[in-house]
Amino acid sequence: MAETPARRRAPAMSPDQRRAMIVTAALPLVVEYGAAVTTAKIARAAGIGEGTIFRAFEDKDALLAACMEEVVRPDDTVVHLEGVSLDQPLAGRLTEAAEVMRGYMNRIGDVAGALAAAGKLSRQPPGEGGSPPDREAGLAAPRAALAALFEPDRERLRLSPERLADAFQMFLMSTGRPGAPEPLSMEELVELFLYGALTRPGVPGEGEGEGAL
């Protein structure tokens, strides 16, 4: 009778991998329950014992801070922005980028809102070593990816791709407030950014004659 091969144990996680795994499991629960989420719930979601959480994090507040720090990381957002096809027209590129940026901002808002409601959100989540993160550094990588989307049309632009990327990023952040009675679609936001509030001259049926802006 053939011997049953011994089962291989999964390789042990490094401390950083374990922390990342716990944070990934905790994020949707933080959005759902806010700071009231229990470490027992998080442990069940992660498939680990509750004690493992406290070996990875000093306490629940440290875990919540790590969740906030993770959600503001722009890495995945930058990857998606860099994946926007440059073959499409500028308006199409920016519409796709606006969807990506809005998703990023909504995730931050969901977690920040859940923690702020319980008074568990500090003004700035801690960075590495407990120091406050550099907000500008967090905006720089998405802004560079946005600038690359303007670059193919550089000769047609009034400002440099870098300045327009900065303006577009701030525009999206300022128009993303929750609870707006009639939120603009991404297409409408991009149209407004590219052409302004007035109708475009030279388009049949639009404008107010030869002197329209």
_Under the criterion side chain to side chain contact (heavy atoms under 4.5 Å, CB included), I'd like the reasoning laid out for Phe171 against Leu189: C-alpha separation, chi angles, the key distance, then a yes or no._
CA-CA 9 Å; Phe171 178 69; Leu189 284 173; 4.1 Å; yes
*Could you state whether Met170 and Leu81 fall into the same hydrophobic cluster, counting links through intermediate Ile, Leu, Val, Met, Phe, Trp or Tyr residues with side-chain heavy atoms under 4.5 angstrom apart?*
yes
*asked:* According to salt bridge (Lys or Arg N to Asp or Glu O under 4.0 Å), does anything in residues 33-60 pair up with another residue at least two apart or in another chain? List the pairs.
replied: none
*Does a side-chain heavy-atom distance below 4.5 Å link Tyr104 with Val100?*
no
*For Asp16, which residues count as a salt bridge (charged side-chain N to carboxylate O under 4.0 Å, His left out) partner, sequence neighbours excluded?*
none
*Which pairs count as salt bridge (Lys or Arg N to Asp or Glu O under 4.0 Å) when at least one residue sits in residues 76-97, sequence neighbours excluded?*
Arg93-Asp153
*asked:* Using every non-hydrogen atom in the two residues, find where Leu149 and Leu90 come nearest and quote the distance to one decimal.
replied: O-CD1, 3.7 Å
*From the options Leu64, Asn106, Leu27, Val72, select the one residue that forms a side chain to side chain contact (heavy atoms under 4.5 Å, CB included) with Val111.*
Leu27
*With Ala45, which residues qualify under side chain to side chain contact (heavy atoms under 4.5 Å, CB included), at least two apart?*
Ala25, Leu29
*Does one hydrophobic cluster hold both Leu86 and Leu146, with members joined at side-chain heavy-atom distances below 4.5 Å?*
yes
*Where do Val30 and Cys67 come nearest, in terms of heavy atoms and distance?*
CG2-SG, 4.2 Å
_Step-by-step side chain to side chain contact (heavy atoms under 4.5 Å, CB included) determination, Met173 to Leu139_ = CA-CA 11 Å; Met173 291 173 68; Leu139 295 175; 4.2 Å; yes
*Is the backbone of Ala20 close enough, under 3.5 Å, to the side chain of Thr24 for a donor and an acceptor to pair up by distance?*
yes
*Shared hydrophobic cluster for Leu172 and Val79 (ILVMFWY, side-chain gaps under 4.5 Å)*: no
*Short N-O contact, Arg102 and Glu99, less than 4.0 angstrom*: no
*Check Gly49 against Ala43 and note the closest heavy-atom contact, atom names and distance.*
C-CB, 4.0 Å
*Is it true that a side-chain atom of Gln88 and a backbone atom of Ser85 form a donor plus acceptor pair closer than 3.5 Å?*
yes
*In Å and rounded to the nearest 0.5 Å, what is the CZ to CD1 distance from Arg73 to Ile108?*
12.5 Å
_Pairwise distance CZ(Arg154) to CZ(Arg156) - rounded to 0.5 angstrom_ = 14.0 Å
*Measure across Ala46 and Met21 and return the closest heavy-atom pair with its distance rounded to 0.1 Å.*
CB-SD, 3.7 Å
*Inter-residue atom distance Leu164.CG - Leu159.CG, 0.5 Å rounding*: 5.0 Å
*Can you pull the ring-ring contact (aromatic ring centres under 6.0 Å, His included) pairs that have at least one residue in residues 149-170, sequence neighbours excluded?*
Phe168-Phe193
*With sequence neighbours excluded, what pairs up with Asp166 under the salt bridge (charged side-chain N to carboxylate O under 4.0 Å, His left out) test?*
Arg143
*Can you tell me how far OG1 of Thr52 sits from CZ of Arg19, rounded to the nearest 0.5 angstrom?*
13.5 Å
*Given the rule that I, L, V, M, F, W and Y join up when any side-chain heavy atoms are under 4.5 Å apart, are Val78 and Val71 in one cluster?*
no
*Grab the two heavy atoms, one from Ala66 and one from Phe57, that are nearest each other, plus how far apart they are.*
CB-CE2, 3.6 Å
